[in-house]
Number of protein chains: 2
Amino acid sequence: MRTSDKHSKIIEAAITVFARKGFFSARISDIAKEAQVADGTIYLYFNNKYDILISLFEEEIGKIILEVKLLIEKESDPRKMLQIFALHHMQLMEEQKELAEVLQMELRQSNKFMREYRNTKFIEYVDVVSAIIHKGQEEGVFRKSLLPGVFKRAFFGALDETSRLWVLSPDHSYTIDEAARQISDIFTFGIMTASPEGEKVTGP
Amino acid sequence: MRTSDKHSKIIEAAITVFARKGFFSARISDIAKEAQVADGTIYLYFNNKYDILISLFEEEIGKIILEVKLLIEKESDPRKMLQIFALHHMQLMEEQKELAEVLQMELRQSNKFMREYRNTKFIEYVDVVSAIIHKGQEEGVFRKSLLPGVFKRAFFGALDETSRLWVLSPDHSYTIDEAARQISDIFTFGIMTASPEGEKVTGP
DNA sequence: CAAAAATGAATGAATACGCATTCATAAGAC
DNA sequence: GTCTTATGAATGCGTATTCATTCATTTTTG
């Protein structure tokens, strides 16, 4: 097997194994087996176990940021932008459950065991939201009293926690699209300067 | 040292150490040293390392549930109930930063390495929110179209993510009370049947 | 165009080490 | 003097990482 990209193969295997067992319980040999590669081969592509996790973060979140920025750029209404962000985030979690689990669980506690690692990619992702809020405030669509720093976290947290539990629990009384719609509606109507009766952002 | 309650002492030490290092990087000897107790003593009170974590969850979340239910029972307006929940949750995270870190990080990934453990206490806590929504819907204060199952997660997620990052980052452009107020306002105005112009839930 | 030599990617058994858990022993209570 | 509680050094296991070895491929030579 000469042509296969071992780096990506190992990253993908790591996503699967970390999702199943968590970073600490995952063994290098598990990842190697999943990637159909020898244990030692992994060390030709990564310095150590942490390095796999960090590379995984950087690469995967990088892709996500590119995608969502591209989608949002096409839109000009800040309220619709929020809707798009919500839908994209939730669909992503649905389509890539394993990646979702790794990002949601391991990403957060990574700064606990990797002191020096500052996750700039993650910050960049969440800052997409605060940029939208800022724009909305300048255009007078969103209340000026809103703190974008609070809003971005609240909005992201709402999406993330909802999708996290949606992915975990097997019983689904609602779809991911419904949830995304409900959340962006709650937030949008909540932050509009005008009364919700005025103009509808969502369709009938 | 006869009078000191070793069980609680160990739990408290574990909160400190787990908060600092995370569950896996924390050593039993760290906890023992923090609790001013010998390594072996810990095994007189807990079966193993996991058992410390589980006991910690059960006991601490148990206390929190009691507190918040007591506060909420005093209120009858569902909108105010949400506000109280938000404020209580955020203040708790501020007052007990270490406990906050452990609950937010370790609680979530606990089901990854402890297969059999179902965290009923946590579910009970979040269900306090869905109960409020349900009441609000029956009274006609909240939109009937809301899915309480989505709302409770979104609301909890918003609070939790905001407080999580507030606790982590040293630079605070807003207080925890402001954040709680902003979040419950966003959610409340967003879910009211009447226009936000009608009646104000929050003061001037 | 073969045959020989060099290369380096891949392997996986061996190593080394960290740390949860145990248990023989000591200290304290009554 | 016995029973309870506490100690911490010793044990043993699990697994991250290393590295001597194996080939498939490429390059050199005549």
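Every chain is numbered from 1, with letters handed out A, B, ... down the list of sequences.
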Inset, instruction - Specify the closest pair of heavy atoms between A:P78 and A:I132, including all atoms of both residues, with the distance to one decimal. - result: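 That closest heavy-atom pairing would be O-CG2, 3.5 Å.
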
Legend entry - Atom of B:A13, atom of B:E34 and distance for their closest heavy-atom approach: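 In terms of heavy atoms, the two residues are closest at CB-CG, 3.6 Å.
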
Starting at atom [atom1] of [X], determine the distance to atom [atom2] of [N], rounded to an integer number of angstrom.
X	N	atom1	atom2	value
A:D30	D:dT15	CG	P	8 Å
A:F24	D:dA16	CZ	P	11 Å
A:I31	D:dA16	CD1	P	8 Å
A:K21	D:dT15	NZ	C1'	11 Å
A:I28	C:dG12	CD1	P	16 Å
A:F46	D:dT18	CZ	P	15 Å
B:I42	C:dC19	CD1	C1'	13 Å
B:N48	C:dC19	CG	C1'	14 Å

Legend entry - Residues in side-chain hydrogen bond (donor to acceptor under 3.5 Å, both in side chains) contact with A:H88, at least two apart in sequence or another chain: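 If we apply the side-chain hydrogen bond (donor to acceptor under 3.5 Å, both in side chains) test to A:H88, skipping adjacent residues, the hits are A:E67.
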
Inset, instruction - Please tell me which of the listed nucleotides, D:dT17, C:dA20, D:dA6, lies nearest to the side chain of B:K6? - result: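 Side chain of B:K6 sits closest to D:dA6.
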
Inset, instruction - Looking only at side-chain atoms of B:Y43, point me to the closest of D:dT17, C:dC19, C:dT21. - result: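 Of the candidates, C:dT21 comes closest.
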
Legend entry - Sugar-phosphate, base or nothing in reach of B:Y45, heavy atoms under 4.0 Å: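 The residue B:Y45 makes sugar-phosphate contact but no base contact.
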
Inset, instruction - For A:A100, check side-chain contact (heavy atoms from CB on, under 4.5 Å) against everything at least two apart and list the hits. - result: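 Partners of A:A100 under the side-chain contact (heavy atoms from CB on, under 4.5 Å) test: A:M93, A:Q104.
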
Inset, instruction - May I ask you to decide whether B:K135 forms a salt bridge with B:E138, counting only side-chain N to carboxylate O separations under 4.0 Å? - result: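 Salt bridge between B:K135 and B:E138, a charged N being under 4.0 Å from a carboxylate O: no.
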
Legend entry - Secondary-structure stems, DNA chain D, at least 3 Watson-Crick or G-U base pairs under 3.5 Å: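 Ordered by first number, the stems with DNA chain D (at least 3 consecutive pairs each) read C:1-30 with D:1-30.
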
Output one line per pair: protein atom, nucleotide atom from nucleotides 8-10 of chain D, and distance, for all N/O pairs under 3.5 Å.
| residue | atom | partner | partner atom | Å |
| --- | --- | --- | --- | --- |
| D:dG8 | N7 | B:G40 | N | 3.2 |

Inset, instruction - Give the ring-plane orientation class for A:F18 versus A:F23, where under 30° counts as parallel, over 60° as perpendicular and anything between as tilted. - result: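 Tilted, since the angle between the ring planes falls between 30° and 60°.
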
Inset, instruction - Give a yes or no answer on whether the side chain of B:W166 reaches the backbone of B:Y174 with a donor-acceptor pair at less than 3.5 Å. - result: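 Yes.
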
Which side-chain N or O atoms in residues 121-131 of chain B pair as donor and acceptor under 3.5 Å with protein atoms at least two apart or in another chain?
| residue | atom | partner | partner atom | Å |
| --- | --- | --- | --- | --- |
| B:E124 | OE2 | B:K69 | NZ | 3.4 |
| B:Y125 | OH | B:H89 | ND1 | 2.7 |
| B:D127 | OD1 | B:S130 | OG | 3.3 |
| B:D127 | OD1 | B:K152 | NZ | 2.7 |
| B:S130 | OG | B:D127 | O | 3.1 |

Inset, instruction - Scan for side-chain hydrogen bond (donor to acceptor under 3.5 Å, both in side chains) pairs involving residues 38-47 of chain B, sequence neighbours excluded, and state none if there are none. - result: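 Found none.
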
